[in-house]
Peer 1: 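A single structure is presented below for examination.
All of these numbers come straight from a predicted model, not from anything done at the bench.
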Amino acid sequence: MKLQRYDRSLINDYAETPEGYLTVRVPITRPGVFPYARQDGTIQMEAKLPDEIFSDRTMHSACSKPITDEHPNEPVTLDNYQAYAKGMSHTDAHVEDLKLYVSMTITDKDLIKKVYNGKREISIGFMSDVVAEAGTYNGQPYEYVQRNIEINHIAIVDQGRAGPEVAIRADSDAWQIDSDEGGKNKMAKIKIEGSEYEVDPAVKAYIDALKAKEETAKVKGDSMDALQGRYDALEVKLQNVETELAKEKAKQVSADELDKHVEARVQLISTTKPLLGDSFDFTGKTEREIKEAVIATTKQDFKGDGKSDDYINAFFDATIEQVASHGFSSTGTNSIITGDSSQNTDVNAMRAQRLNMRS
């Protein structure tokens, strides 16, 4: 959602036209971190970064825009232009001294008089996307960044957001570089390693443009570092979450396996207890030890030492099947099938006796 914002800067240069209009060359905005009021009355710090201010989109939006006396309470459009417009900006928007400059002509007599009387600060009214993005610019922390800046109008105000640095100056020596008393071009000044040199204004404008590009590249680099830092932090967070999920999954698998082991243990005890008797203590016995105990009831000299688990399991299963096939489940010498032929005969006799008793 685009929000309307106001920013202020400094009128650097003005002169009257033959018609009595006032032509002004002014920096209308600059990079920085500025305070803006929220609807609830609190203040949030918003960054206006070089890559936004010096973008083609924003610079183009500074051209041919209405000049107003203070800010109207609505954007200036075709429908209300006659009510608010006191002049118009030119089409020469450019970068100088890390500021966005544009010339403009004030055509309203009352506003021209106010400028001469000291009303000389400039404030742009613009629309932008205010994005929640924390960082620092030139050591100043910010919480939000203004993106997709589009200038709607340029207002002349009593007091600007950036203070007297962004105001009309009355001292012509400070702002006029078009001509001097001799009619010659006045040289601009630049500082190199602390020393000041005079250069052609066009050279200075070119150097300022290069500085703006360098500043934009630096901010973009800082932004990439900040983005990389946030990305790395999120990646670590994701890895931590994945580790926790893996641990929880392992716990779940362990719980499922435990349930299976408990179920198998109960089944083993239930199956073997009738064969081993109530006196057999299952406590602390391994599955193999229980199976060896069952096998020993059928083969008293059985020793499982050196036998593989497969051997013990096969022997145990065969023993259980053999017992089940003869219908025995109680303990005692007559309840376990040993494979001995004489014992088999006794078993058959016991079956016949039971059948006779039923009859």
Peer 1: Going through the checks in order, is the salt bridge (Lys or Arg N to Asp or Glu O under 4.0 Å) test met by E133 and R147?
Peer 2: CA-CA 11 Å; E133 182 181 323; R147 301 289 187 192; 3.3 Å; yes
Peer 1: Parallel, tilted or perpendicular: which fits the ring planes of F302 and F315, with parallel below 30° and perpendicular above 60°?
Peer 2: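 Correct class here is perpendicular.
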Peer 1: Look at D69 together with K119 and state whether they make a salt bridge at an N to O cut-off of under 4.0 Å.
Peer 2: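 Yes, D69 and K119 are salt-bridged.
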Peer 1: Donor-acceptor pair, S89 side chain versus K65 backbone, under 3.5 Å?
Peer 2: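 At least one qualifying donor-acceptor pair exists.
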Peer 1: Of the non-hydrogen atoms in G87 and Y81, which two are nearest, and what is the gap between them?
Peer 2: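 Scanning both residues, the minimum pair turns out to be O-OH, 3.9 Å.
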Peer 1: May I ask you to decide if G304's main-chain N or O and R288's side chain share a donor-acceptor pair within less than 3.5 Å?
Peer 2: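 Yes, because the side chain of R288 sits within donor-acceptor range (under 3.5 Å) of the backbone of G304.
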Peer 1: Show, in sequence, the C-alpha distance, side-chain angles and deciding distance for F280 and F282, and conclude whether the ring pair (Phe, Tyr, Trp, His ring centres under 6.0 Å) test is met.
Peer 2: CA-CA 6 Å; F280 185 82; F282 288 89; 4.9 Å; yes
Peer 1: Find the distance between CE (M45) and OG1 (T136) and round it off to the nearest 0.5 Å.
Peer 2: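 Interatomic distance, M45 CE to T136 OG1, rounded to 0.5 Å: 12.5 Å.
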Peer 1: Y21 pairs by side-chain contact (heavy atoms from CB on, under 4.5 Å) with which of T105, I106, D108?
Peer 2: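 Going through T105, I106, D108 one by one, the side-chain contact (heavy atoms from CB on, under 4.5 Å) with Y21 is satisfied by T105 alone.
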Peer 1: If we ignore hydrogens and angles and just use 3.5 Å, is the side chain of D281 paired with the main-chain N or O of T283 as donor and acceptor?
Peer 2: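 Checked: pair present.
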Peer 1: Any donor and acceptor pair, going by atom type alone, linking the side chain of S270 with main-chain N or O of Q267 inside 3.5 Å?
Peer 2: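 No, the answer is negative, given that no donor and acceptor are paired below the 3.5 Å cut-off.
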Peer 1: State the CG-CD distance between L268 and E287, to the nearest 0.5 angstrom.
Peer 2: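 It comes to 5.5 Å.
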Peer 1: For the side chain of E52 and the backbone of N148, is there at least one donor-acceptor N/O pair under 3.5 Å apart?
Peer 2: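 Pair found, side chain donor or acceptor close to backbone of N148.
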Peer 1: Does atom CD of E19 have more than 12 heavy-atom neighbours, drawn from other residues, nucleotides or ligands, at distances under 6.0 Å?
Peer 2: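 Atom CD in E19 is crowded, with more than 12 foreign heavy atoms closer than 6.0 Å.
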Peer 1: For residues D310 and S308, is any side-chain donor paired with an opposing acceptor at under 3.5 Å?
Peer 2: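 No, because no side-chain N or O of D310 sits under 3.5 Å from a partner of the opposite role on S308.
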Peer 1: Given 3.5 Å as the limit, does a donor-acceptor pair link the side chain of D278 with the main chain of K273, or not?
Peer 2: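 Not a single qualifying donor-acceptor pair exists.
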Peer 1: Sub-3.5 Å donor-acceptor pair from the side chain of S128 to the main-chain atoms of V130, do we have one?
Peer 2: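 Checked: no pair found.
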Peer 1: Is atom CG of N240 surrounded by more than 12 heavy atoms (other residues, nucleotides or ligands) closer than 6.0 Å?
Peer 2: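 Yes, enclosed.
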Peer 1: Distance only, no hydrogens: is a donor on one side chain within 3.5 Å (strictly under) of an acceptor on the other, for S61 and T58?
Peer 2: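 No, because no side-chain N or O of S61 sits under 3.5 Å from a partner of the opposite role on T58.
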Peer 1: Which heavy atom of L22 sits nearest a heavy atom of I112, and at what distance?
Peer 2: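 Looking at all heavy atoms of both residues, the shortest contact is N-CD1, 3.8 Å.
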Peer 1: Kindly say whether A314 contributes a backbone atom to a donor-acceptor pair with the side chain of D317 at under 3.5 angstrom?
Peer 2: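 No, because the side chain of D317 does not come within donor-acceptor range (under 3.5 Å) of the backbone of A314.
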Peer 1: Is it true that, when you exclude E235 itself, more than 12 heavy atoms of the residues, nucleotides or ligands shown sit nearer than 6.0 Å to its CD?
Peer 2: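 More than 12 within 6.0 Å, yes.
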Peer 1: Using distance alone, with no hydrogens and no angle criterion, decide if Q44 and E143 have a side-chain donor and acceptor under 3.5 Å apart.
Peer 2: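 Q44 vs E143: no donor-acceptor pair found between side chains.
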Peer 1: Short question: side chain of T286, backbone of E289 - any donor-acceptor pair under 3.5 Å?
Peer 2: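 Side chain of T286 to backbone of E289, a donor-acceptor pair under 3.5 Å: yes, one is there.
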Peer 1: Scan side-chain atoms only and decide if E74 and Y84 contain a donor-acceptor pair under the 3.5 Å cut-off.
Peer 2: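 There is such a pair (donor and acceptor under 3.5 Å, judged by atom type) between the side chains of E74 and Y84.
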Peer 1: With distance as the sole criterion, is a donor-acceptor pair present between the side chains of Y116 and E16 under 3.5 Å?
Peer 2: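 The criterion, which ignores hydrogens and geometry beyond distance, is satisfied for E16 and Y116.
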Peer 1: Please confirm whether K307 makes a cation-pi placement over Y311, using NZ or CZ under 6.0 Å from the six-membered ring centre and within 45° of the ring normal.
Peer 2: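 Yes, a cation-pi geometry holds between K307 and Y311.
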Peer 1: Quick check: is V131 connected to M127 through a chain of hydrophobic side chains (ILVMFWY, heavy atoms under 4.5 Å apart)?
Peer 2: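 No: no chain of side-chain contacts under 4.5 Å links M127 to V131.
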Peer 1: Please say yes or no: joined through hydrophobic side-chain contacts below 4.5 Å, possibly via intermediate residues, are V26 and V76 part of one cluster?
Peer 2: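 Shared cluster, no.
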Peer 1: Using modelled atom types and a 3.5 Å cut-off, is there a donor and acceptor pairing between side-chain atoms of D92 and backbone atoms of S103?
Peer 2: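 Checking the backbone N and O of S103 against the side chain of D92, a donor-acceptor pair under 3.5 Å is found.
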